[in-house]
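The first residue of the sequence shown is numbered 1, and numbering continues consecutively from there. Because only heavy atoms are used, hydrogens play no part in the values below, and waters and symmetry mates are left out as well, while side chains stay in. Given the structure is predicted, the values throughout are model-derived calculations rather than measurements.
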Amino acid sequence: MVHRADAAGAVRHLLTENHRDEVVLVVDDKPVEKWAFADWLAEQCDVSFPPKQTTEERLADESLSETAKRRIQTSKRCSNDRLHELGYEFEYPTFREGYRDAVRDYRQN
């Protein structure tokens, strides 16, 4: 995950700091599994945790495309180390900061 402000900020940084030839991943500082994220978000919004299925239960869905099956069966962790080495500082370093305003707005409605 990465906040849109940081996605744009990283591109701006790479272009203005003359790192145009660099290949970097733009992801935030805190990889999180989707269920942990979903539970955190539900807790912040004071709503019930979403229902969960095991990998086997999800794969049993006959309507899944091959692409969807591959996504369920794989796990990817990306690192933003190179982006940090090039001097970029995140405005929203983790999903928690990135969702702070949205959670506040949700709670006010």
Output every pair passing side-chain hydrogen bond (donor to acceptor under 3.5 Å, both in side chains) with a member in residues 33-43, not counting sequence neighbours, ordered by first then second residue.
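Pairs touching residues 33-43 that pass the test: Asp39-Lys52.
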
Please list all pairs passing the side-chain hydrogen bond (donor to acceptor under 3.5 Å, both in side chains) test where one or both residues lie in residues 14-24, with sequence neighbours left out.
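Output for this query lists Glu22-Arg82.
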
What's the spacing between Phe37 CZ and Arg96 CZ if we round to 0.5 Å?
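It is 10.5 Å, given to the nearest 0.5 Å.
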
Drop me the distance from Thr67's OG1 to Ile72's CD1, to the nearest 0.5 angstrom.
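Taking OG1 in Thr67 and CD1 in Ile72, the distance rounds to 11.0 Å.
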
With clusters defined by side-chain heavy atoms of hydrophobic residues (ILVMFWY) lying less than 4.5 Å apart, directly or transitively, does Leu25 cluster with Tyr92?
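Looking at the clustering, Leu25 is in a separate group from Tyr92.
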
Heavy-atom check, side chain of Asp29 versus side chain of His84, under 4.5 Å
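Of all side-chain heavy-atom pairs linking His84 with Asp29, at least one is under 4.5 Å.
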
Sub-4.5 Å side-chain heavy-atom contact between Tyr106 and Val47
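In short, these two side chains touch, coming nearer than 4.5 Å.
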
If we ignore hydrogens and angles and just use 3.5 Å, is the side chain of [X] paired with the main-chain N or O of [Y] as donor and acceptor?
X	Y	answer
His13	Leu83	no
Asn80	Asp28	yes
Gln108	Asp105	no

What are the two closest non-hydrogen atoms of [X] and [Y], and how far apart are they?
X	Y	result
Ala5	Glu91	CB-OE1, 3.9 Å
Ser79	Val27	C-CG2, 4.1 Å
Ala42	Phe49	CB-CD2, 3.7 Å
Lys69	Leu64	CE-O, 3.8 Å

Go through the steps to decide whether Glu66 and Arg70 satisfy the test side chain to side chain contact (heavy atoms under 4.5 Å, CB included), and finish with yes or no.
CA-CA 6 Å; Glu66 287 304 313; Arg70 277 194 305 276; 3.9 Å; yes

Atom CZ of residue position Arg104 - does it have more than 12 heavy atoms of other residues, nucleotides or ligands inside 6.0 Å?
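Atom CZ in Arg104 is packed in, count exceeds 12.
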
Could you check His3 against Phe90 for side chain to side chain contact (heavy atoms under 4.5 Å, CB included), going step by step and ending with a plain yes or no?
CA-CA 9 Å; His3 192 281; Phe90 283 84; over 6 Å; no

Begin with the C-alpha distance, continue with both residues' side-chain angles, and end with the deciding distance and a verdict on side chain to side chain contact (heavy atoms under 4.5 Å, CB included) for Val26 and Asp6.
CA-CA 8 Å; Val26 181; Asp6 282 317; 5.6 Å; no

